[in-house]
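Fair warning: this is a prediction, and the values are worked out from it, not measured in the lab.
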Amino acid sequence: MEEEAPRFKVLEEAFNGNGDGCANVEATQSAILKVLTRVNRFQLRVRKHIEDNYTEFMPNNTSPDIFLEESGSLNREIHDMLENLGSDGLDALDEAKIKMAGNGRQLREILLGLGVSEHVLRIDELFQCVEEAKATKDYLVLLDLVGRLRAFIYGDDSVDGDAQVATPEVRRIFKALECYETIKVKYHVQAYMLQQSLQERFDRLVQLQCKSFPTSRCVTLQVSRDQTQLQDIVQALFQEPYNPARLCEFLLDNCIEPVIMRPVMADYSEEVDGGSFVRLSLSYATKEPSSAQLRPNYKQVLENLRLLLQTLAGINCSVSSDQHVFGIIGDHVKDKMLKLLVDECLIPAVPESTEEYQASTLCEDVAQLEQLLVDSFIINPEHDRALGQFVEKYETYYRNRMFRRVLETAREIIQRDLQDMVLVAPNNHSAEVANDPFLFPRCMISKSAQDFVKLMDRILRQPTDKLGDQEADPIAGVISVMLHTYIDEVPKVHRKLLESIPQQAVLFHNNCMFFTHWVAQHANKGIESLAALAKTLQATGQQHFRVQVDYQSSILMGIMQEFEFESTHTLGSGPLKLVRQCLRQLELLKNVWANVLPETVYNATFCELINTFVAELIRRVFTLRDISAQMACELSDLIDVVLQRAPSLFREPNEVVQVLSWLKLQQLKAMLNASLMEITELWGDGVGPLTASYKSDEIKHLIRALFQDTDWRAKAITQIV
């Protein structure tokens, strides 16, 4: 290399050569030519150096530092020459302004060329520094050098603080050079190799393994305890443009999600490889959970999450002034993690009963977990509010879960057999109830109804002290929903039995009446639509009971439809058989209703059924136009069977007199056995006892059927008015 001249050597010869210090155009041009010659030689040597390194790829041991020093010297000389041209030459020699201006442009072009050469040389110097840093495995230095290379190659505005990389003109010319593409390729190779080297080193320090078996999986996380080395690698790796998606996907799919969703056996140890590693092993079944019973306890879930964070804590170093590694990982996993945690773990863990609620520490545990996630920089407390909102809505979740459980229990109770019954109010006989209408009468109800009431009582005992002044008490609503559900579902679930088994309908009627009484007793509890609810319960119970009563009436009428007389002279065996069948039907009904219905309801119902039967019997008798003495005797005996057996259908036999047609039946028997005069006396000119049950036409018809057409009969008929 040519020996370097003293600083400003050319300028001194040009401007002081005539001894009087006066510059002239010829001297200036001579100085520029000399500088240009030196620059051309310098650029030839730089070009050869660049071609050897980036085009021909020839062995080249020349250091770019030598070229950079020479380039700096030439730059300074040219800048000083430009200053002297402006201050001395151009002002003194007006006639040479055009030539001197051209010389200035020529110098600036030379300077631009030197700038491009210096830019390439600096890049080459950085590549050599990269190789040196790789030899020492100083990854943070390597990362910085690669970043500076990117700034020089792609024209970032600044590097090393505010130092400018190159002017826009130098960048433009640099990108047009033949070596530009080669330099880019070399940069990408170095960046990729650095990334791979960091990743390999990271994988040795942070070992993530997943072994799958036919029905289970074992995940192992092993993290080095060499904090200095680990954090250097992590800081270098987690710089832009590193994408941690693979790491985050592994943690989410194999660790976080299973820990939340499945029962996991965790094994944590800090004494791995002589204490050089910490290890966390997670083992769990891979089969999809088929039941909520497989859901892990929330405390175990939170503990396993803490162990996971504790195991990975070594990599949670700062990678910038406002970002940590866990923050980067959190950006990829926190949304799904928080959603799974709340929906699949915390909400199902909300208590469903008062006892569980009073013993629960769920809110405190969630608050501690949230603080741990905040302290670890996984979530931002100002934006990631899922856990905080869960705590705020805890009371609502509790009530919703309790009421959902209550409704599920209510539906389960509804499914139970109505026939399984129990006696209630055993001391409240009809006399006591008549004196106190607020008493519920003695009767049988389904055990399921009793359990239903116990469930409603338990709801009313729920604490409401945490409700705000303006907040509606949801207890009132759930009671109403429960009872409406009972009203709607029981007729559907037990439809066939309600239609075919008399006792089922009676029990459902009693159940509804029992609920009505319970609602009335708790009128001060704020139950929604209390009056309408009570009416609906009554109407529903009575409706289904009425259907069964009508059905029993239809059975009696069906039997009586076959009631026929063999002849006008004799009754035959058929009618008596049918009457006994009706009485037997009523006795069977008594067996299933007598101890089930309240006494007053039972008496009223049997009075109605007996009246249906008796009225039809009387109607059949009055269809006869001619009744012989023998027929009259047989009909009297037939009626006597009814009069003797019907009272036994009641607890108190005297209750039979409440049957509307009972007196009429008794009087019919009396007339069948009476003489014409006795019947006339019983009519008593329209004021006798027969007038209470019979009309004059009915008496006339019976007289004509019983007695032959004589003057006495005609006279008697004229008296029946």
Validation row: [X], [Y] side chains within 4.5 angstrom (heavy atoms):
X: F440; Y: T516; result: no
X: N427; Y: R442; result: no
X: Q323; Y: I328; result: yes
X: E395; Y: Y357; result: yes
X: L373; Y: L309; result: yes
X: I459; Y: I479; result: yes
X: F390; Y: E370; result: no

Indicate the atoms forming the closest heavy-atom contact of [X] with [Y], along with that distance.
X: D343; Y: P348; value: O-CD, 3.3 Å
X: S446; Y: L507; value: OG-CB, 3.9 Å
X: V223; Y: L230; value: CG1-CD2, 3.8 Å
X: L498; Y: V490; value: CD1-O, 4.1 Å
X: R401; Y: P351; value: CB-O, 4.1 Å
X: A266; Y: N304; value: CB-OD1, 3.4 Å

Straight-line distance of L208 CG to L251 CG, nearest 0.5 Å: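 It comes to 6.5 Å.
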Starting at CG of L221, measure out to CD of Q207 and round the result to the nearest 0.5 Å.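 Atom-to-atom, L221:CG and Q207:CD are 10.5 Å apart.
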[X] side chain to [Y] backbone, donor-acceptor under 3.5 Å:
X: R279; Y: V272; answer: no
X: Q415; Y: V493; answer: no
X: H494; Y: R416; answer: yes
X: S216; Y: Y284; answer: no
X: N316; Y: S376; answer: yes
X: W593; Y: P502; answer: yes
X: R262; Y: K287; answer: yes
X: N510; Y: M444; answer: yes

Show me the side-chain donor-acceptor pairs of residues 530-545 shorter than 3.5 Å, one per line, residues at least two apart or across chains.
from : atom 1 : to   : atom 2 : distance (Å)
T536 : OG1    : A532 : O      : 2.7
T540 : OG1    : T536 : O      : 2.7
H544 : ND1    : T540 : O      : 3.0

Electrostatic pair R295:E344 at N-O distance under 4.0 angstrom: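 Yes.
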Within the supplied structure, the quantity of interest is the number of heavy atoms (other residues, nucleotides, ligands) at a distance under 6.0 Å from [X] [atom1]; does it exceed 12?
X: R385; atom1: CZ; value: yes
X: K299; atom1: NZ; value: yes
X: R458; atom1: CZ; value: no

Residue among I260, L346, L369 satisfying side-chain contact (heavy atoms from CB on, under 4.5 Å) with V301: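 Checked I260, L346, L369 against V301; only one passes side-chain contact (heavy atoms from CB on, under 4.5 Å): I260.
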Can you tell me how the ring of F377 sits relative to the ring of H324, calling it parallel under 30°, perpendicular over 60° and tilted otherwise?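 If you compare the ring of F377 with that of H324, the planes turn out parallel.
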